[in-house]
Amino acid sequence: MLIKQKTKTLFLSSFFISSAFFSQAHNVSAGYQKPDDPLVVQNLEQWQDLKFGLFMHWGTYSQWGIVESWSLCPEDESWTQRKPEHGQSYNEYVRNYENLQASFNPVDFNPQKWADATKKAGMKYVVFTTKHHDGFTMFDTKESDYKITSAKTPFSKNPKADVTKEIFNTFRKDGFKIGAYFSKPDWHSEYYWWPYFPPKDRNVNYDPKKYPERWESFKKFTFNQLNEITSNYGKVDILWLDGGWVRPFKTIDPSVEWQRTIKVEQDIDMDKIGTMARKNQPGIIVVDRTVPGKWENYVTPEQAVPEHALSIPWESCITMGDSFSYVPNDNYKSSQKIIETLIKIISRGGNYLMNIAPGPNGDYDPIVYERLKEISGWMEKNQSAVFATRAAEPYHDGSFYYTQAKDSKTLNVFHIDDKIDYKSPLVLIFTLPENFKPKSLKVLGLSSKVQWKQTGNRMEIKLPEERIQLKYATVIQMTK
């Protein structure tokens with residue numbers, strides 16, 4: 001999504017968005033509708049316990065090291081710019097882009113290596129791009145030959161050619177919840193971008209009301225692919241649907257810039273899709289992004305964090321580098337920045353879905369494993385303050401951020417300093433929630449006892465010399 005303005009239900013802070021990608025900050029739709037299916041409610045509650053997930057954007061575009069899919073879109077935006085060496089004309093560019101299928105051979109693909117590193121870093125669910133807007137499927141669809149398992153794709157001869165199957169099976173075996181990203185628009189499908197007309201923008205390039213049979217073919221095509229994903233790939237916990245411009249007219253929010261560009265009805269019958277997905281996968285969470293109603297079970301700010309706690313289920317999807325897709329020499333965030341972002345998100349009641357993009361060889365950059373190892377060291381000591389927690393008043397007070405156990409008996413207070421490399425101070429003074437009187441207090445990661453004094457709702461803690469060992473944040477855990 002490519003949205004600039006603030007929205008009705010929350011304001012998004014841009015404290016960590018690079019200027020190059022600020023325009024891609026994602027809005028959040030107004031009017032959350034709580035699911036009434038008890039299995040979905042239960043699955044959402046479990047999902048909210050997980051806090052930290054892995055997002056992966058991966059496709060043939062990784063070979064060019066460009067933004068995923070968007071250069072095919074004939075819109076004049078910074079993220080859609082085409083490099084001249086990839087084609088002098090639009091049509092030549094599209095041919096060359098689609099021909100990347102003929103050279104895609106990520107022979108270093110080893111999902112177990114990813115699962116091992118991300119699990120140690122505390123990630124507990126994975127969302128993988130089974131198909132992005134360009135229409136190239138990373139699973140073995142029967143609906144198209146534009147896929148990784150096609151004989152046209154060199155990697156199809158590899159025993160791990162169905163990478164969606166390999167990723168889902170590997171991560172599921174390691175205890176992860178499984179999420180399938182799927183793009184509703186498909187810029188390769190003749191039923192969405194009909195070759196009779198040139199594409200004008202991201203939307204369908206014909207009027208579905210004028211050509212209803214063609215639109216019905218697209219609806220059937222989309223339904224069948226989602227049926228494949230939810231039938232043939234084991235237990236799937238989350239169906240994460242992108243491309244919110246494919247939506248009924250009645251759901252358009254005219255205050256959102258990109259939604260105003262939708263000129264024709266693009267209703268793909270989400271009731272039929274969602275009902276099928278729930279039949280195949282009872283209790284599956286469906287995330288029809290930015291389309292308010294029964295099929296947006298949680299909301300998904302992109303490259304941004306809400307400034308305040310939210311009472312509805314939500315997840316920020318944020319890149320570890322600057323880009324969702326693989327870019328050579330990407331600017332990866334520091335481990336301190338990643339942990340600060342995690343703390344800010346969980347203190348406001350959300351989940352952090354961190355995107356790591358595999359390269360054309362089928363592996364992450366080496367620096368990614370360094371970051372994950374550093375995060376693992378912090379998570380080992382502090383995980384009890386992160387997982388299965390909820391937001392706690394006062395949520396955020398200066399440099400302090402709060403979470404609590406679900407029974408409200410344990411309060412966790414995180415101290416960070418997002419201006420400089422973290423050094424834990426000698427004395428910490430912060431506000432406690434009303435009527436919270438702790439009986440015990442410890443600083444996670446320190447073996448020494450800590451001196452503390454409560455005066456009303458103010459807590460003062462004096463830390464031992466051992467505090468110099470603390471990296472990225474100081475985490476105080478109190479039990480009443």
Do the rings of Phe182 and Phe139 sit parallel, tilted or perpendicular, given the 30° and 60° boundaries?
->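 Ring orientation, 0 to 90° scale: tilted.
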For this output row, return yes or no: ring centroids of [X] and [Y] closer than 6.0 angstrom.
X	Y	value
Phe430	Phe400	yes
Phe171	Trp114	no
Phe176	Tyr125	no
Trp187	His132	no
Tyr32	Trp314	no
Trp58	Tyr181	no

Are [X] and [Y] side-chain neighbours, meaning at least one heavy-atom pair lies under 4.5 Å?
X	Y	result
Asn232	Lys165	no
Lys235	Asp237	yes
Arg247	Pro292	yes
Ile429	Met459	no

Taking the side chain from Thr170 and the backbone from Ile167, do they hold a donor-acceptor pair closer than 3.5 Å?
->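 It does not hold such a pair.
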Donor-acceptor under 3.5 Å (Glu460 side chain, Thr455 main chain) | no
With a 3.5 Å cut-off and no angle check, do the side chains of Ser448 and Glu466 form a donor-acceptor pair?
-> yes
Thr403 side chain to Asn412 side chain, donor-acceptor N/O pair below 3.5 angstrom | yes
Does the ring of Tyr192 carry Lys184 above it, NZ/CZ under 6.0 angstrom from centre and within 45° of its axis?
->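 No, a cation-pi geometry is absent between Lys184 and Tyr192.
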